[in-house]
Amino acid sequence: MSRLVVVSNRTSDPRKSAAGGLAVALRESLEQTGGVWFGWSGKLSDDTEGGAADRHGLEIHTSGNVTLATLDLTRDEHDTYYVGYSNGVLWPVCHYRLDLAKFDTRFAEGYRRVNRLFARKLLTMLKPDDILWVHDYHLIPLAAELRAAGCNHRIGFFLHIPMPPPLIMAAIPEHEWLMRSLFAYDLVGFQAQSDVTHFSHYVESEARAVRVGPNHLRAFNRTLQVGAFPIGIDVEEFARLARAKEGREMFARMRDEYSRRRLLLGVDRLDYSKGLPQRIHAFRQLLERYPENRDSATLIQIASPSREDVGAYDDLRREMDSLCGEINGDFGELDWMPVRYIHRNVARKRLPGLYRASRVALVTPLRDGMNLVAKEFIAAQDPADPGMLVLSRFAGAAEQLTEALLVNPYDTQGTADAIQRALVMPLDERINRHTALADRVRKENVRWWSESFLKALAETEMASGKT
Ligand code: GDG
């Protein structure tokens, strides 16, 4: 079996309990093959110290038989590659926020430079039959840089965020280069079918790509396989957390605290793609249109701090502070506040209890690659008395979770109506919908996701035989 080499912006130790979903998903394949995980260390090196070669030494750690290889970035690389291009150009454009994108050729140059640096460093570690899996928008041109240096390995890429329609993608000055770069991979995976469609339309119209098979596109003298591989969650880990002492305590505390009231819940990074202000507006509409919810429904909104070095996130923070203050000031009573807004990270082990105690989850992003909170909420419910999911049709998860109440988050009144419907939904309808949803979340879990992707990658024609 080939050794798996994973490349992503940041790495994490698959053996540590706080290791995020990606680490859990890849742990088995990495351990079975004695694999490597390569990425940025999260640390900045001093720009002024030593020569370029010294600043970018690889730091190697082992965790069991998995190798974690990381390198530091200089302040300038961090500011251009990470803050400037990845989070200031690609993130907003892929989430349809052209108004927030800041185009600057220095950012594009930094992005290209760091991808070239990653390729150069990674090459020194590769064995002949390694199989490479590259993750996310930070590293779109990595395979092209590797190929330019003579790498003939099988390389797959997975985009965790949405692929926008061609005319939105075309707003990025370097769009042709980015899309052409994807053809250096053997397999490109997206979260949803709509992303595959957008990508296919782009390359067919802009690069005259031709279809040479059900999932194969040919352009730039290369054949690329594309597909939708919707990411899932680690359902077993979630069940374990729910059963653990802290999970049970959290559930009991919330249930007692809200015994007279109905709890609505939002859990998101504080990000403009997540539709948080629109959600507060919809909740306000709910209180106005359905006054029986006053003194009865409470929205807990957890907004964990994120990317505080990017300007747009600061504006969002101020907007949320003010919207939550207003709704509480206008509707609050001495013994009831409509919104509990928490701008902090909540410990992961507390989430399942919180999800389970909630009658309704509001997962209403304006655009989202997938959205794992929607799946976590479903996995945490009591099947005999499940809460209901109100889900944005603009989340990738909406393609799979069709039994949720799907909403358009820009439509404030429509969203308020759907929240009301979720709050009053009879038990048998909730159970029917939840059974179908839970079944899919269990089957299409994170292991299913990584296995399907790696199987498809292993079955692609070898890169060297294709050009
Ligand atoms: C990107 C794509 C895609 C949130 N607040 C807290 C907390 N969280 C956890 C949630 C969930 C994760 O963070 C968020 O995942 P999402 O999928 O919802 O969103 P992104 O971070 O934007 O992720 C997305 C994903 O990649 C995977 O491909 O689904 O579309 O944008 O697990 O539970 N966790 C803790 N405290 C918090 O306060 N512990």
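Just follow the structure's listing: the first ligand is 1, and inside any ligand the first atom is 1.
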Q: Can you pull out the closest protein heavy atom to atom 30 (O) of ligand 1? Residue, atom name and distance to 0.1 Å, please.
A: Asp368 OD1, 2.5 Å

Q: Just checking, is any N or O donor in the side chain of Trp91 or Ser86 under 3.5 Å from an acceptor N or O on the other one?
A: no

Q: What atoms in ligand 1 come closer than 4.0 Å to a heavy atom of Gln191?
A: 3 (C), 28 (O)

Q: Measuring from the heavy atoms of Tyr355, does anything fall under 4.0 Å of ligand 1?
A: yes

Q: Need the ligand 1 atom indices (1-based, order shown) with element for anything under 4.0 Å from a heavy-atom of Val373.
A: 10 (C), 18 (O)

Q: Whether Arg442 engages the ring of Trp448 as a cation-pi pair (distance to the six-membered ring centre under 6.0 angstrom, angle to the ring normal within 45°) should be assessed.
A: no

Q: Pair Tyr111, Tyr85 - check ring-ring contact (aromatic ring centres under 6.0 Å, His included), show working.
A: CA-CA 6 Å; Tyr111 181 74; Tyr85 206 72; 4.6 Å; yes

Q: Measuring centre to centre across the rings, with the benzene-like ring taken for any Trp, is Trp133 within less than 6.0 Å of His135?
A: yes

Q: For atom 9 (C) of ligand 1, which protein heavy atom lies nearest, and how many Å away is it?
A: Arg348 NH1, 4.4 Å

Q: Number the atoms of ligand 1 from 1 as they appear, then name those within less than 4.0 Å of a heavy atom of Asn345, with their elements.
A: 6 (C), 35 (C), 36 (N), 37 (C), 38 (O)

Q: Using 30° and 60° as the class limits, which term best fits the ring planes of Trp449 and Phe158: parallel, tilted or perpendicular?
A: perpendicular

Q: Is atom 2 (C) of ligand 1 close to the protein, meaning a heavy atom under 4.0 Å from it?
A: yes

Q: Check each of Arg430, Arg433, Arg440 against Glu403 using the salt bridge (Lys or Arg N to Asp or Glu O under 4.0 Å) test, and report the only one that passes.
A: Arg440

Q: Using a heavy-atom cut-off of under 4.0 Å, does the side chain or the backbone of Val267 touch ligand 1, or both, or neither?
A: side chain

Q: With a distance cut-off below 6.0 Å to the six-membered ring centre and an angular limit of 45° from the axis, does Arg10 pair with Trp37 as a cation-pi contact?
A: no

Q: Which is closest to atom 20 (P) of ligand 1 in terms of heavy atoms, Lys274, Met370, His160?
A: Lys274

Q: Numbering the atoms of ligand 1 from 1, which are under 4.0 Å from a heavy atom of Arg269?
A: 20 (P), 21 (O), 22 (O)

Q: Any carboxylate oxygen within less than 4.0 angstrom of a Lys/Arg side-chain nitrogen, looking at Lys443 and Asp439?
A: yes

Q: Classify the contact between Asn371 and ligand 1 as side chain, backbone, both or neither, using a heavy-atom distance cut-off of under 4.0 Å.
A: both

Q: Closest non-hydrogen protein atom to atom 32 (O) of ligand 1, residue and atom name please, with distance?
A: Glu376 OE2, 2.6 Å

Q: With respect to Leu372, determine whether any N or O atom, backbone or side chain, lies less than 3.5 Å from an N or O atom of ligand 1.
A: yes

Q: Say whether Glu376 and Tyr355, considering side chains only, have a donor N or O and an acceptor N or O under 3.5 Å apart.
A: yes

Q: In the complex you have, is atom 11 (C) of ligand 1 within reach of the protein, judged by whether a heavy-atom distance drops under 4.0 Å?
A: yes

Q: Heavy atoms only, cut-off 4.0 Å: how does Leu351 contact ligand 1, side chain, backbone, both, or neither?
A: side chain

Q: Would you mind running through ligand 1 and noting each atom that sits below 4.0 Å from a heavy atom of Gly369?
A: 30 (O)

Q: Below 4.0 angstrom from a heavy atom of Ile302, which ligand 1 atoms are there? Numbered from 1 as shown, please.
A: 38 (O)

Q: Please step through side-chain hydrogen bond (donor to acceptor under 3.5 Å, both in side chains) for the pair Glu399 and Gln193, ending with a clear verdict.
A: CA-CA 8 Å; Glu399 277 190 12; Gln193 204 49 53; over 6 Å; no

Q: What are the atoms of ligand 1, with element, lying closer than 4.0 Å to any heavy atom of Trp91?
A: 22 (O), 31 (O)

Q: Please could you name the atoms of ligand 1 that Val346 approaches to less than 4.0 Å, counting only its heavy atoms?
A: 35 (C), 36 (N), 37 (C), 38 (O), 39 (N)

Q: Under 4.0 Å and counting heavy atoms only, is there anything from the protein next to atom 23 (O) of ligand 1?
A: no

Q: For ligand 1, find out whether one of its N or O atoms is nearer than 3.5 Å to an N or O atom of Ser304.
A: yes

Q: Classify the ring geometry of Phe453 against Phe229: parallel below 30°, tilted from 30° to 60°, perpendicular beyond 60°.
A: perpendicular

Q: Can the ring centres of His281 and Phe283 be said to be less than 6.0 Å apart?
A: no

Q: Just say parallel, tilted or perpendicular for the rings of His138 and Tyr82, cut-offs at 30° and 60°.
A: parallel

